[in-house]
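In what follows, a single structure is set out as structure tokens and then discussed.
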Amino acid sequence: MTRVTVRLPPVLTQILSCDRRIDVCGHTVGDALRDLVNQQPGLALHLFDDTGSLRRLVLCFCNQDDVRGEDGLARVLQPGDTITLVNSVAGG
């Protein structure tokens, strides 16, 4: 298992009273996000839909690369990688 850091958007850290940076373990981005939810169960509702996929308005980056979608969640992690979650803003 590779240890990486997940950076959360301020709105989620305020709602859940958790740290903005959380260390997680996983072989892939998807594994790391599952470890994140194990550590902070309240995040599941905000990050994943009923099918277990990332919500449409949640952006996920590994380092600088957009990794939304199944292929991205299967990306193999390297020590020192950073996963950044961002809530995109929608409106009209």
Side-chain angles (χ1 to χ4, degrees):
M1 289 282 193
T2 303
R3 190 160 194 78
V4 298
T5 300
V6 176
R7 293 181 358 183
L8 298 171
V11 67
L12 289 181
T13 61
Q14 292 169 1
I15 290 170
L16 299 171
S17 297
C18 65
D19 291 330
R20 185 149 196 311
R21 293 176 186 262
I22 299 175
D23 290 331
V24 298
C25 291
H27 180 68
T28 65
V29 172
D31 293 340
L33 294 179
R34 282 187 283 282
D35 186 40
L36 174 67
V37 170
N38 285 336
Q39 291 183 46
Q40 295 289 332
L43 282 172
L45 173 68
H46 299 281
L47 299 180
F48 298 100
D49 63 20
D50 294 338
T51 69
S53 298
L54 277 175
R55 290 192 176 278
R56 188 174 56 85
L57 295 178
V58 173
L59 307 178
C60 182
F61 299 89
C62 183
N63 302 320
Q64 301 299 319
D65 301 326
D66 186 347
V67 293
R68 287 177 290 169
E70 294 215 13
D71 291 346
L73 295 182
R75 177 179 172 152
V76 175
L77 295 169
Q78 302 300 316
D81 281 349
T82 299
I83 298 170
T84 304
L85 298 171
V86 178
N87 289 74
S88 92
V89 178

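The residues of the chain are indexed from 1 along the displayed sequence. Reckoned from all heavy atoms, side chains included, excluding hydrogens, waters and symmetry mates.
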- [ ] Go through the steps for Leu47 and Arg55 under the test side-chain contact (heavy atoms from CB on, under 4.5 Å), then give the verdict.
- [x] CA-CA 6 Å; Leu47 299 180; Arg55 290 192 176 278; 6.0 Å; no
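- Asp71 places no side-chain N or O within 3.5 Å of a backbone atom of Ala74 that could act as its donor or acceptor partner.
- Shown here are the side chain to side chain contact (heavy atoms under 4.5 Å, CB included) partners of Leu33, two or more places apart in sequence or in another chain: Val29, Leu36, Phe48, Leu54, Cys60, Leu73, Ile83, Leu85.
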Hey, can you pull the donor-acceptor pairs under 3.5 Å for the side chains in residues 6-19, sequence neighbours left out?
| from | atom 1 | to | atom 2 | distance (Å) |
| --- | --- | --- | --- | --- |
| Thr13 | OG1 | Pro10 | O | 2.8 |

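- Atom CG of residue Leu57 and atom NE2 of residue His46 lie 14.0 Å apart, to the nearest 0.5 angstrom.
- Applying the salt bridge (Lys or Arg N to Asp or Glu O under 4.0 Å) test to every pair with at least one member in residues 27-44, sequence neighbours left out, gives these pairs: Asp31-Arg34.
- Summarising the local packing, CZ of Arg21 is surrounded by 12 or fewer heavy atoms from other residues, nucleotides or ligands at distances under 6.0 Å.
- With sequence neighbours left out, the side chain to side chain donor-acceptor pair (under 3.5 Å) criterion links Thr2 to no other residue.
- For Asp66, the side chain to side chain contact (heavy atoms under 4.5 Å, CB included) test picks out Phe61, Arg68, with sequence neighbours left out.
- Both Val58 and Val4 are assigned to one and the same hydrophobic cluster, defined by single-linkage of ILVMFWY side chains at heavy-atom distances under 4.5 Å.
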Open item on the list: Determine whether Cys62 and Leu77 satisfy the following criterion, side-chain contact (heavy atoms from CB on, under 4.5 Å), listing intermediate values before the conclusion.
Closed with: CA-CA 8 Å; Cys62 183; Leu77 295 169; 3.8 Å; yes
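- Among residues at least two apart or in separate chains, salt bridge (Lys or Arg N to Asp or Glu O under 4.0 Å) pairs with a member in residues 72-88 are Asp65-Arg75.
- Remark: the backbone N or O of Gly80 is not paired with any side-chain donor or acceptor of Arg3 at under 3.5 angstrom.
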